[in-house]
Each structure stands twice: as structure tokens, then as C-alpha cells.
Amino acid sequence: QVQLVESGGGLVQAGGSLRLSCAASGRTFSTYTMGWFRQAPGKEREFVACISGRTGLTNSLDSVKARFSISRDTAKNTVYLQMNSLKPEDTAVYYCGAAFSGIEHFRSGGMDYWGKGTLVTVSS
């Protein structure tokens, strides 16, 4: 059974940092594009960042590019999102996803697998 399990969410003050983890199991994801979407209350789910398993290239939302970084440990089947200088507008449920296709397909939300999400709350 394939699972993506997110962890690392929580409550943090503005300007603080969090590191989200997404542990994948049930198959090998080394060739998958993996990454993160988020959904704030009352808003649509939006792309945050992803990393290609084939090339190692990363891609991220312009508004987080200078503050968030994505990485992966292929041996552990785990992808990470380091979030620094957090802002109240970063408050959302963060979802991990995995797509066999490349970065553009991932950005469009064409996921093969989704996690259940982890809540990040940034207080002002």
C-alpha cells in the first residue's frame, strides 16, 4: 500500500522556521517528482515546491523562493521542505504529492499520490 505521510507542521511565530517531512512507503519514488502543495482556509490548493527525481531540478512558487527550500533523501524515500522567515500568509495545510511525470505535470496538480496533509499555523 502506497502512503505519503507528512510531519513537522505546527504553530510558529512570524519570522520563525519549520521543516516539513514527507515519508513515502509502498514503492520506490526515486524517479518521481515529489513536492508540496498548500491550501489556506477558503482558498484553492496551490503549488509550493517540487523536486524532480530524475534530474534533481527544483521548482517553487515565486512568493516562497527566497524563504523555502526543498530537498530529498532518495535512500529514505523522503522529501523535505525547509521553511524560513515564515509569514502569517503561509498558514495552510501542506500536502505532499508524488507524480511520475515531470515538474510541469506536478505543478498542474496531476499527482499520482497525495498525503493527508500537515497544518502549519503562523501567528503574527
Side-chain angles (χ1 to χ4, degrees):
Q1 180 184 0
V2 174
Q3 280 189 309
L4 302 181
V5 179
E6 302 96 336
S7 60
L11 174 64
V12 64
Q13 288 189 328
S17 298
L18 284 174
R19 188 174 83 151
L20 304 184
S21 299
C22 171
S25 61
R27 66 165 301 136
T28 300
F29 286 88
S30 58
T31 57
Y32 278 64
T33 299
M34 294 185 70
W36 301 88
F37 273 66
R38 67 185 180 186
Q39 187 166 19
K43 295 188 177 181
E44 292 188 354
R45 194 175 293 193
E46 69 172 351
F47 166 77
V48 177
C50 66
I51 181 168
S52 168
R54 292 181 178 88
T55 65
L57 289 174
T58 63
N59 194 273
S60 57
L61 183 67
D62 284 347
S63 62
V64 307
K65 217 177 273 286
R67 302 183 293 119
F68 293 8
S69 63
I70 188 168
S71 61
R72 69 191 291 167
D73 185 330
T74 302
K76 294 184 178 180
N77 247 3
T78 300
V79 63
Y80 305 97
L81 185 67
Q82 178 66 42
M83 306 186 295
N84 299 326
S85 302
L86 283 160
K87 303 176 181 180
E89 51 263 43
D90 295 318
T91 294
V93 177
Y94 284 70
Y95 296 92
C96 178
F100 185 72
S101 296
I103 286 177
E104 288 307 311
H105 190 75
F106 187 99
R107 285 184 62 115
S108 70
M111 228 58 62
D112 293 293
Y113 304 102
W114 283 106
K116 293 184 178 180
T118 186
L119 177 62
V120 172
T121 303
V122 185
S123 63
S124 56

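For the numbers below, each heavy atom of this structure counts, side chains included, while hydrogens, waters and symmetry mates do not.
- Under the disulfide bond (SG atoms under 2.5 Å apart) criterion, the residue pairs touching residues 66-115 are Cys22-Cys96, with sequence neighbours excluded.
- Within the 4.5 Å cutoff, the side chain of Arg72 has no heavy atoms near those of the Ile70 side chain.
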Only pairs under 3.5 Å count here: list side-chain donor-acceptor contacts from residues 42-56, not counting sequence neighbours, and write none if there are none.
from, atom 1, to, atom 2, distance (Å)
Glu46, OE2, Arg38, NE, 2.7
Glu46, OE2, Arg38, NH2, 3.1
Ser52, OG, Arg54, N, 3.2
Ser52, OG, Thr55, N, 3.2
Ser52, OG, Thr55, OG1, 3.2
Arg54, NH1, Thr31, O, 3.1
Arg54, NH1, Phe100, O, 2.9
Arg54, NH2, Phe100, O, 3.4
Thr55, OG1, Leu57, N, 3.1

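- Applying the salt bridge (Lys or Arg N to Asp or Glu O under 4.0 Å) rule to pairs touching residues 115-124 yields nothing, sequence neighbours excluded.
- When hydrophobic clusters are built by joining Ile, Leu, Val, Met, Phe, Trp and Tyr residues whose side-chain heavy atoms come closer than 4.5 Å, directly or via intermediates, Tyr32 is grouped together with Val2.
- Evaluation of the side chain to side chain donor-acceptor pair (under 3.5 Å) test over residues 95-109, restricted to residues two or more places apart or in two chains, returns Asn59-Arg107.
- Asn77 CG to Ser30 OG: the interatomic distance, rounded to the nearest 0.5 Å, is 7.5 Å.
- Residues passing the side-chain contact (heavy atoms from CB on, under 4.5 Å) test with Thr121, sequence neighbours excluded: Leu11, Thr91, Leu119.
- Note on Leu86: it clusters hydrophobically with Leu61, by side-chain heavy-atom contacts below 4.5 Å among ILVMFWY residues.
- Note: the hydrophobic cluster containing Met111 does not contain Ile103 (ILVMFWY, side chain heavy atoms under 4.5 Å, direct or indirect links).
- How far NZ of Lys87 is from OG of Ser124: 14.0 Å, rounded to the nearest 0.5 Å.
- Not counting sequence neighbours, the partners of Tyr113 by the ring pair (Phe, Tyr, Trp, His ring centres under 6.0 Å) test are Phe29.
- In this view, Ala23 and Thr78 satisfy the side-chain contact (heavy atoms from CB on, under 4.5 Å) rule, not counting sequence neighbours.
- Heavy atoms only, all atoms of each residue included: Leu4 and Ala24 are closest at CD2-CB, 3.4 Å.
- Among residues two or more places apart in sequence or in another chain, the side chain to side chain donor-acceptor pair (under 3.5 Å) test is passed with Glu89 by none.
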Report all side-chain donor-acceptor pairs from residues 62-69 shorter than 3.5 Å, counting only partners two or more places apart or in another chain.
from, atom 1, to, atom 2, distance (Å)
Lys65, NZ, Ser60, O, 3.1
Arg67, NH1, Ser85, O, 3.0
Arg67, NH1, Asp90, OD2, 2.7
Arg67, NH2, Ser63, O, 3.3
Arg67, NH2, Asp90, OD1, 3.1
Arg67, NH2, Asp90, OD2, 3.4

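- Across Gly97 and Phe106, no two heavy atoms sit closer than the pair O-CE1, 3.4 Å.
- Each of Tyr80 and Met34 belongs to its own hydrophobic cluster when Ile, Leu, Val, Met, Phe, Trp and Tyr are linked at side-chain heavy-atom distances under 4.5 angstrom.
- Residues forming a side-chain contact (heavy atoms from CB on, under 4.5 Å) with Val120 (at least two apart in sequence, or on another chain): Leu18, Leu20, Met83, Tyr94, Val122.
- With sequence neighbours left out, the salt bridge (charged side-chain N to carboxylate O under 4.0 Å, His left out) criterion links Arg27 to no other residue.
- Residues passing the side-chain contact (heavy atoms from CB on, under 4.5 Å) test with Ser17, sequence neighbours excluded: Gln82, Asn84.
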